[in-house]
Structures are given as structure tokens and as C-alpha cells.
Amino acid sequence: MMQAVCVDVPGGPENLLLRSVPRPQPKDGEVLIKVHATALNRADLLQRRGLYPPPPGESDIIGLEVAGTVDTLGPGVKKGWKPDDRVMALLCGGGYAEYVAVPEQLLMHVPPNLTLCQAAAIPEAWLTAFQLLVFVAQVKEGEVVLAHAGASGVGTAAVQLVRLFGVVPVVTAGSPEKLKMAESLGAAAGFNYKEESFAQGVHDFTGGKGANVILDCVGGSNWEQNVSSLAVDGRWVLYGTMGGRAVEGDLLGKLLSKRGHLLCSLLRSRSLQYKAELVEAFSQTVLPHFSEQGAFLKPVIDSTFNLESIAEAHGHMEANKNTGKIVINVIPQETQ
């Protein structure tokens, strides 16, 4: 048996219950991870409310990423993983627990200079940002990328990746503190969407040319400013709808006049093969930059909570208080 966070009735953070459930057994090609830490994602809040169920056949325990150590290997594991290896992994679910079974293709080695708490902040946010920039938008050196929610987990990863790829990042965020954080990571400009038009800010920054790529987790409420911010032949990448799904007005006409591309992407529902290729590409091209001398990349952690305080952690994210990732220590830090 193991401790895990369960949701019997969809609803608020108070509906998150910690209890004993059967420990998963690794199937063919899977590795059982002893979880040291997991991290929150916006999708977790939706799943808790019953609005984002796991893909068929996947664990109904919330949690899309973990870091920990290899516990046992299932039959047919080929990649040379060994017990006690420090690993981090992308999941379809199951992260809010003491153990999780993961296809071996979705495991990554934890960079030697990072703690497992820091590593838990990498898989979902950094693989999402990498996927959006490289697989979906196919960003090119010298372009300008506008990232909404620039101080979020995905936003702080995107700013650093954009700089790594020789591209220029600009961001939006909802407070001066969040903008300052994004700029400390390399954002060339930042716009407080609560106080100013980010479309005007992008226009001024680019000399009227606009952003070549927009990473958008907001959706509906931003569409007019997004189209206004977009460069001719630009790529608007939608990966969330925190600002609503409905659109009123001349979206198609305005997008057509820019010859704009609207690209939509999710990660959780992708095939194992797609995720395996994403993890492999990220491991080869990005992961080494976390551990090089004067490491260029770093996960940004807002706060840490213990598993018993998971409801408080969800409330912290729902109040939009976080700058960077919220990490949950499944094993208290002093014993890791």
C-alpha cells in the first residue's frame, strides 16, 4: 500500500483527501519510481473540479510530473535504469502519491547539481515549453516570442529556452514582481496586462513588426490583442483557455489579414511515441544546460508544501499567487 491524494467528489481544494491505496505494479517496459517530490500544474486544478479527466486507462490520481528514485524495474525494461537512480518523469497522472509506475521512455536523469525538489519542477513545464517552441511553433533564431503568464512554470521555462535558442522573449504578467522575475530570467520586455495594452507594448518593442510567435494559455479574453500583436505570417500557439473559450468578433478576418497561423496543442493526450520523442529531444538538446558550469537554465520554484498540505497548495495556485512552480515534497526535505 501507499499514501496518495484522492478526489472522491469533484470540487474545491478541501475535497483532496490523503489516504492509503494499493501501490502500482510496473507493467512491461515500466519503471516504478519512489516519489520524493511532485509539482502542481493548472491541469491539476481542472481535474480536481472534474473538468479534465485522465486519458482512458491512466491513473485517476492527480499529478503530471515527479522526481524521485528508481524502486523496481518492470519486465522488458531496456534502457539500463538501475535501482536508486535519480530520475524525473512526465506522467499522464499518478504524481500525488508515494509511488508511480512510468513507461521508461518518459524518464530523464536528474542533473547532478539539482535536488529532487528542484527536479520535480522540470518535466511538465519545461517539456511543454520545449514542445510549443520547437515541435509546434518551430521557432527560428532572431525571432520575437511573446509568452503570456511569463512568471508561471511554463512561462519561466519558455523565457529561458527562448534565450537558449537565440530568440528574443517578451512576456505578460499581472504584477510588477512577476514581470521583474521574468526579466531577471532574460525577458527583453514585460507588460502588465492589468495596467496596459500588451499589444501596444509589443508594437512599440518590435517597431511595429509584431511577435513572430505567441505562446497563449489565456485564450478568449486576449484574442484581439493577440492578433494585433502578431507579426505577418506569425504563429499563435494556443495551449490553454484560462481567459475563456468563447470568442466574439472578427477573429478570422483579422487573422487572415495577418496571414496568421493558429496552432493548438495539448501534451497530456499525446501518444506515448510522441512524448518519448519529446523527452529524447529535450534530454539531448536542453538537459545538459542545467548542469553546465554556470548553469544557463534553472527551474524556478515559488514555494514548497508537504503532501499533507496539498489543499493549501491548490489554494495558493488558484489565487494566482505563485511565481514559478509550486512543489510538493512527498518525502519531507530533511529526509531526502
Side-chain angles (χ1 to χ4, degrees), residues 1-10 15-41 43-48 50 52-110 116-117 119-124 127 267-276 278-279 305-308 310-311 313-314 327-332 335-336:
M1 301 295 283
M2 67 174 182
Q3 292 290 299
V5 176
C6 302
V7 181
D8 293 338
V9 180
N15 290 22
L16 296 163
L17 309 170
L18 186 61
R19 67 160 174 258
S20 190
V21 301
R23 185 187 298 186
Q25 298 300 313
K27 303 190 191 84
D28 192 61
E30 289 187 339
V31 173
L32 186 68
I33 298 175
K34 181 178 176 63
V35 178
H36 286 241
T38 182
L40 264 61
N41 292 282
D44 301 354
L45 310 186
L46 294 174
Q47 183 172 338
R48 189 202 70 225
Y52 191 40
E58 299 294 344
S59 171
D60 58 5
I61 296 170
I62 300 173
L64 298 176
E65 58 194 336
V66 294
T69 53
V70 172
D71 184 82
T72 50
L73 306 177
V77 170
K78 299 170 183 169
K79 286 184 173 261
W81 300 106
K82 301 185 301 296
D84 297 324
D85 280 349
R86 293 182 351 128
V87 295
M88 52 189 180
L90 181 70
L91 312 174
C92 287
Y96 290 14
E98 291 181 312
Y99 293 87
V100 65
V102 186
E104 64 169 335
Q105 303 98 307
L106 303 186
L107 266 62
M108 297 171 278
H109 285 287
V110 173
L116 291 172
C117 176
I122 292 176
E124 178 70 21
L127 285 167
L267 182 51
R268 189 184 195 183
S269 56
R270 298 276 190 176
S271 69
L272 176 57
Q273 181 179 347
Y274 180 97
K275 291 177 184 173
L278 180 66
V279 166
F305 294 82
N306 287 334
L307 198 57
E308 294 78 12
I310 188 69
H314 271 233
V327 173
I328 307 299
N329 286 312
V330 177
I331 297 176
T335 59
Q336 285 190 22

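- Here Glu308 pairs with Leu18, Asn306 under the side chain to side chain contact (heavy atoms under 4.5 Å, CB included) rule; sequence neighbours left out.
- Take Gln47 and apply the side chain to side chain donor-acceptor pair (under 3.5 Å) test, not counting sequence neighbours, and it matches Arg268.
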Derivation of the side-chain contact (heavy atoms from CB on, under 4.5 Å) call for Met2 and Val330: CA-CA 11 Å; Met2 67 174 182; Val330 177; over 6 Å; no

Test side-chain contact (heavy atoms from CB on, under 4.5 Å) applied to Ser20 and Gln3, step by step: CA-CA 5 Å; Ser20 190; Gln3 292 290 299; 3.8 Å; yes

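- Screening residues 20-35 for salt bridge (Lys or Arg N to Asp or Glu O under 4.0 Å) gives no qualifying pairs among residues at least two apart or on separate chains.
- When all heavy atoms are compared, the tightest approach of Ala39 to Ala121 is CB-CA, 4.4 Å.
- Take Tyr96 and apply the ring pair (Phe, Tyr, Trp, His ring centres under 6.0 Å) test, not counting sequence neighbours, and it matches His314.
- The minimum heavy-atom distance linking Ala89 with Leu107 is given by the pair CB-CD1, 4.1 Å.
- Take Arg270 and apply the salt bridge (charged side-chain N to carboxylate O under 4.0 Å, His left out) test, not counting sequence neighbours, and it matches no residue.
- Residues that satisfy the side chain to side chain donor-acceptor pair (under 3.5 Å) test with Asp8, not counting sequence neighbours, are Arg19.
- The backbone N or O of Val7 sits nowhere less than 3.5 Å from a side-chain atom of Asn15 that would complete a donor-acceptor pair.
- Applying the side chain to side chain contact (heavy atoms under 4.5 Å, CB included) test to Ser269 and every residue at least two apart in sequence or in another chain returns Leu266.
- Taking 4.5 Å as the limit, some side-chain heavy atom of Cys6 sits within range of a side-chain heavy atom of Val21.
- Closest approach of Pro54 to Cys92, counting heavy atoms only: CB-O, 4.5 Å.
- Around the CD atom of Gln25, the shell of radius 6.0 Å holds no more than 12 heavy atoms that belong to other residues, nucleotides or ligands.
- Counting only residues at least two apart or in different chains, ring pair (Phe, Tyr, Trp, His ring centres under 6.0 Å) contacts with residues 52-88 comprise Trp81-His109.
- Leu90 approaches Val102 most closely through the heavy-atom pair O-CG1, 4.0 Å.
- A heavy-atom distance below 4.5 Å is found between the side chains of Leu307 and Val5.
- The salt bridge (Lys or Arg N to Asp or Glu O under 4.0 Å) pairs that include a residue from residues 74-102 are Lys82-Asp85, where partners are two or more places apart or lie in different chains.
- Remark: Asp44 CG to Thr38 OG1 distance equals 7.0 Å, nearest 0.5 Å.
- For the residue pair Gln105 and Gly29, the shortest heavy atom distance occurs at OE1-O, 4.4 Å.
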Going by atom type alone, with no hydrogens or angles, which donor-acceptor pairs under 3.5 Å involve a side-chain atom of residues 61-75 and a protein atom two or more places apart or on another chain?
| from | atom 1 | to | atom 2 | distance (Å) |
| --- | --- | --- | --- | --- |
| Glu65 | OE1 | Glu124 | N | 2.6 |
| Glu65 | OE2 | Asn41 | ND2 | 2.9 |
| Glu65 | OE2 | Lys325 | NZ | 2.6 |

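- When all heavy atoms of Ala37 and Asn329 are compared, the closest pair comes out as CB-OD1, 3.9 Å.
- Taking 4.5 Å as the limit, every side-chain heavy atom of Val110 sits out of range of all side-chain heavy atoms of His36.
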